[in-house]
Novice: 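After the structure tokens below, expect a handful of questions from me.
Side chains are part of it too, since the values below use all heavy atoms of this structure and drop only hydrogens, waters and symmetry mates. In what follows, chains carry the letters A, B, and so on, assigned in the order in which the sequence lines appear, proteins first and then strands, with residues in each chain numbered from 1.
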2 protein chains.
Amino acid sequence: MLVRSIGEAAAHVRGRRLQLRLSQDQLAQRAGVSRKWVYEFEAGKPHAELGHLLRVLDALDLQLDVSPRSASSESAQGAVNLDEILERHRDG
Amino acid sequence: MLVRSIGEAAAHVRGRRLQLRLSQDQLAQRAGVSRKWVYEFEAGKPHAELGHLLRVLDALDLQLDVSPRSASSESAQGAVNLDEILERHRDG
DNA sequence: ATCAATTGACACCGAACGGTATCATCAGCA
DNA sequence: TGCTGATGATACCGTTCGGTGTCAATTGAT
């Protein structure tokens, strides 16, 4: 699932936690963070430590991926494919 | 690309930035963060603010995704598929 | 040789984080 | 009804972040 904001990441974490029937405390211990962090993160605190999130995702059996936003094969109309442009202009 | 640690995320950011021929300063301005943040992040500082990373990825035309770690169709030998287990045990 | 751009590095400092601890509330169950 | 577990919420407090500003070294181009 795409993650555009911390709030979206928080929703994914909470959803997965409930799916796994884990309490905030259990998740926190698994991930090695405090329950406060889990609670505040899920509650939408506007700041969050990436390292903590990675550990929590790991505890939830989730993984994080980085990918180019505009896929050349399925770009929307009018969308710009930065990778393509780069390819053409490389060694300019 | 999979992101297991902050260091890996940093590598992806730096690689993409160079690919786009952006200076740390340019990227920082695009993303609305300080050059210090970009520099320290790329240098492997063990802590990083998720919100900052999201803005930087956006400025690099990259996106972040969350996905289940063990895909049921291609799980490795001996691997446990949490989703499957959940499915079977749901409604206990 | 000179100049600008880029980068690594550091000091300073206010702001915010994150952990521990604690409390009230609510749901579920014996 | 009484008990237990989960959750939301807050205070305290040491630690660390992140921005601004600055500096030296390096690189690239003129």
Novice: Name all residues meeting the side-chain contact (heavy atoms from CB on, under 4.5 Å) criterion together with A:Arg14; count only those two or more places apart in sequence or in a different chain, and write none if there are none.
Specialist: A:Arg17, A:Leu18, A:Gln24, A:Glu42

Novice: With each end axis built from five pairs of C1' atoms, what bend angle do you get for the helix from C:dA1-D:dT30 to C:dA30-D:dT1? Round to 10°.
Specialist: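 Terminal axis comparison yields 40°.
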
Novice: In terms of side-chain geometry, is the basic nitrogen of A:Asp25 or A:Arg35 positioned less than 4.0 Å from the acidic oxygen of its partner?
Specialist: no

Novice: Would you kindly give the NZ-to-C1' distance between A:Lys36 and C:dA16, to the nearest whole Å?
Specialist: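 Atom-to-atom, A:Lys36 to C:dA16, this comes out as 10 Å.
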
Novice: How close or far is atom C1' of C:dA15 from atom CH2 of B:Trp37, stated in whole angstroms?
Specialist: 18 Å

Novice: If you compare every side-chain N and O of A:His52 against the phosphate oxygens of C:dG19 (OP1, OP2), does one of them come in below 4.0 Å?
Specialist: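 For C:dG19, OP1/OP2 do have a side-chain N/O of A:His52 under 4.0 Å.
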
Novice: Could you give the OH-to-C1' distance, from A:Tyr39 to C:dC23, as a whole number of Å?
Specialist: 13 Å

Novice: Which nucleotide in the set D:dG19, D:dC17, D:dG8 lies at the smallest distance from any side-chain heavy atom of B:Val33?
Specialist: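 Selected nucleotide (nearest to the side chain): D:dG19.
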
Novice: Looking at B:Arg69 and A:Asp58, is there a salt bridge between them, counting it only when a charged N and a carboxylate O are closer than 4.0 Å?
Specialist: yes

Novice: Please enumerate all residues that pass ring-ring contact (aromatic ring centres under 6.0 Å, His included) together with B:His12, with sequence neighbours excluded.
Specialist: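 B:His12: no ring-ring contact (aromatic ring centres under 6.0 Å, His included) contacts found.
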
Novice: Who passes salt bridge (charged side-chain N to carboxylate O under 4.0 Å, His left out) against A:Glu49, sequence neighbours left out?
Specialist: none

Novice: Detail all sub-3.5 Å separations between protein N/O atoms and N/O atoms belonging to nucleotides 22-30 of chain D.
Specialist:
none

Novice: Atom pairs, N/O to N/O, protein against nucleotides 14-16 of chain D, distance under 3.5 Å?
Specialist:
none

Novice: Counting heavy atoms from C-beta on, name the nucleotide in D:dG18, D:dT10, D:dT7 closest to the side chain of A:Glu40.
Specialist: D:dT10

Novice: Measure from CG on B:Asp25 to P on D:dG21 and round the result to the nearest Å.
Specialist: 13 Å

